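Model, not experiment: these values are computed from the prediction. Just so you know, residue 1 is the first one in the sequence shown, and it goes up from there.
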Amino acid sequence: MFDADDHRYMSRALQLAVRGLDTTMPNPRVGCVIVKEGVIVGEGWHECAGGPHAEIRALDQAGAAARGATVYVTLEPCSHHGRTPPCADALIAAGVARVIAAMRDPNPKVAGSGLARLHAHGIGVSIGLLEAQARELNAGFISRMERGRPWLRSKIAASLDGATALQNGASQWITGTAARQDVQRWRARASAILTGVGTILADDPLLTVRDLEVPRQPLRIVVDGRLRTPPTARILRDGGVLVACCDDGVPNAGALRTAGAEVIALPGEDGRVDLAALLAELARREINELQVEAGARLNGALLHQRLIDELLLYFAPTVLGTASRGMFDIPVLTAIKQRIDLDILSLDRIGQDIRIRARPLYAD
């Protein structure tokens, strides 16, 4: 169905889409290539919400050469009026002959209607070329549309024996400079950073993107059931902070709001913040990718509730011993079959540290 040239042009479209990795949210990352008689006549990628979509930028570059051309796009062209007009209509008006999309748009406002509109106007449509790569690029957008929650990626730095901090809570710094710089790149692509009040009290972090040019800082979220976050915490300095608690009527709530935080109550049955409800609320706020940078208690709760989609693990070549704090505070397992296996996506050396990307394989 697809030949070597088709693969080459779609690969190029995916490369273009990556250029919007840190900037497109809440929209998906999309790239587009227009080819006529074996020559690329137009290229484009979506840069930011409200800006031209990838297809429009490619059509602008192609001009009249778009007529009769083949369009390679990493996501089905939109068919609805959002922040911009429908791309499907622009492709029809340009007179393209064929559109090859890597995947259907999971947005229910589109969900096949863009391709159907193109087909109804006599334009050849094909779908599924390099779909796995396209889905990987937009895991957060797809998760928000299909599951009603962001894609949750938990970053953890640990020693080779799985310790994240000493018994007294000291943890800076287990990993080296290169690994910490790598974390900044992952922060930059995330829509939001999630942490727990324990991390706030122990480390007083900012959790901002540092040493990189970024168009915006991610929303920072603190899970703090009893509102123990000090109004003087560094994370509150520049706004853009959401504090999730169990009761927003306690005295400290007003002090946190005065300090610039938004405080919302999401009580769970166990007297803790309802984490699933929090993720649903973040999806409502158009958060695609959520990066967790927290301690064993919050990571354990997320893992136990099967809310972690991906792990970003940094292991330093050091040993901290059994008395140190671990990675996940979860209920005691009584049988090996209760373990959570991982699918290893990649293993890379970052400076002197090892980075593992993995996904939990939750048992049915």
Side-chain angles (χ1 to χ4, degrees), residues 10-11 14 17-18 21 28-29 74-75 102-104 106 128-164 174-175 179 182-183 185-194 275-276 279 282-283 287-317 326-351 353-364:
M10 187 61 81
S11 294
L14 286 164
V18 171
L21 192 68
R29 299 141 182 161
T74 59
L75 185 70
M103 61 174 286
R104 282 186 171 82
L129 177 58
L130 301 185
E131 180 174 359
Q133 293 89 327
R135 291 186 68 88
E136 183 71 23
L137 183 61
N138 282 304
F141 180 76
I142 294 169
S143 177
R144 179 164 65 87
M145 290 295 164
E146 293 183 347
R147 303 188 301 176
R149 65 178 180 87
W151 180 263
L152 193 152
R153 179 183 295 111
S154 185
K155 165 262 168 183
I156 302 175
S159 61
L160 277 183
D161 57 342
T164 59
I174 293 176
T175 53
D182 190 63
V183 170
R185 287 187 280 272
W186 287 93
R187 279 186 186 178
R189 66 177 283 172
S191 305
I193 309 294
L194 177 70
L275 297 175
L279 295 189
L282 295 179
I287 299 297
N288 289 340
E289 289 186 20
L290 177 63
Q291 180 154 312
V292 179
E293 299 192 25
R297 186 173 183 181
L298 181 53
N299 273 308
L302 290 166
L303 187 68
H304 184 62
Q305 294 180 42
R306 302 185 174 193
L307 297 176
I308 293 179
D309 297 305
E310 185 172 319
L311 292 164
L312 192 62
L313 307 173
Y314 295 85
F315 289 101
M327 300 167 68
F328 300 100
D329 183 359
I330 59 176
V332 175
L333 305 184
T334 57
I336 290 295
K337 66 180 182 180
Q338 295 173 329
R339 70 191 182 192
I340 298 174
D341 292 325
L342 304 177
D343 177 21
I344 305 297
L345 304 181
S346 64
L347 190 156
D348 300 284
R349 184 166 178 168
I350 309 293
D353 303 315
I354 296 171
R355 184 190 71 196
I356 296 176
R357 284 183 63 215
R359 291 178 182 165
L361 300 172
Y362 298 114
D364 294 335

Nearest-0.5 Å distance, [atom1] of residue [X] to [atom2] of residue [Y]:
{"X": "D309", "Y": "L290", "atom1": "CG", "atom2": "CG", "answer": "9.5 Å"}
{"X": "L152", "Y": "I287", "atom1": "CG", "atom2": "CD1", "answer": "12.0 Å"}
{"X": "L130", "Y": "R135", "atom1": "CG", "atom2": "CZ", "answer": "14.0 Å"}
{"X": "F141", "Y": "L75", "atom1": "CZ", "atom2": "CG", "answer": "6.5 Å"}
{"X": "D353", "Y": "T175", "atom1": "CG", "atom2": "OG1", "answer": "5.5 Å"}

My understanding is that only residues two or more places apart in sequence, or in another chain, count here; which of them pass side chain to side chain contact (heavy atoms under 4.5 Å, CB included) with [X]?
{"X": "S346", "answer": "D348, R357"}
{"X": "A139", "answer": "W151"}
{"X": "I356", "answer": "L313, F315, I344, L347, I354, A358"}
{"X": "L361", "answer": "D341, D343"}

Between [X] and [Y], which heavy-atom pair has the shortest distance, and what is it?
{"X": "I330", "Y": "G300", "answer": "CG2-O, 3.5 Å"}
{"X": "A276", "Y": "Q305", "answer": "N-OE1, 4.4 Å"}
{"X": "R189", "Y": "L137", "answer": "NH2-O, 4.4 Å"}

Quick one: do D329 and L298 satisfy side chain to side chain contact (heavy atoms under 4.5 Å, CB included)? Show the steps, please. CA-CA 8 Å; D329 183 359; L298 181 53; over 6 Å; no
Can you list everything that forms a side chain to side chain donor-acceptor pair (under 3.5 Å) with [X]? Sequence neighbours excluded, please.
{"X": "N299", "result": "S154"}
{"X": "R297", "result": "none"}
{"X": "S143", "result": "R147"}
{"X": "E293", "result": "R187, Q291"}

Start with the C-alpha distance between N138 and M103, add both sets of side-chain angles, then the distance that settles side chain to side chain contact (heavy atoms under 4.5 Å, CB included), and finish with yes or no. CA-CA 11 Å; N138 282 304; M103 61 174 286; 5.6 Å; no
Counting C-beta onward and ignoring hydrogens, is there a side-chain heavy-atom pair between [X] and [Y] closer than 4.5 Å?
{"X": "L312", "Y": "R355", "value": "yes"}
{"X": "F328", "Y": "I340", "value": "no"}
{"X": "T74", "Y": "M10", "value": "yes"}
{"X": "L307", "Y": "P360", "value": "no"}

Can R144 and N288 be said to form a side chain to side chain donor-acceptor pair (under 3.5 Å), step by step? CA-CA 6 Å; R144 179 164 65 87; N288 289 340; 2.6 Å; yes
Can you list the steps and then say if R359 with L311 is a side chain to side chain contact (heavy atoms under 4.5 Å, CB included)? CA-CA 6 Å; R359 291 178 182 165; L311 292 164; over 6 Å; no
Set of residues satisfying salt bridge (charged side-chain N to carboxylate O under 4.0 Å, His left out) with respect to [X], sequence neighbours excluded:
{"X": "E131", "value": "none"}
{"X": "R306", "value": "none"}
{"X": "R104", "value": "none"}

For side chain to side chain contact (heavy atoms under 4.5 Å, CB included), just list the numbers for I308 and V292, CA-CA rounded to whole Å, side-chain angles, deciding distance to a tenth of an Å, and then say yes or no. CA-CA 9 Å; I308 293 179; V292 179; 6.0 Å; no
Can I get a per-line list of side-chain donor-acceptor pairs under 3.5 Å for residues 155-163, giving both atom names and the distance, sequence neighbours left out?
from	atom 1	to	atom 2	distance (Å)
S159	OG	D161	OD1	2.3
S159	OG	A163	N	3.1
D161	OD1	L320	N	3.3
D161	OD2	L320	N	3.3
D161	OD2	G321	N	2.8

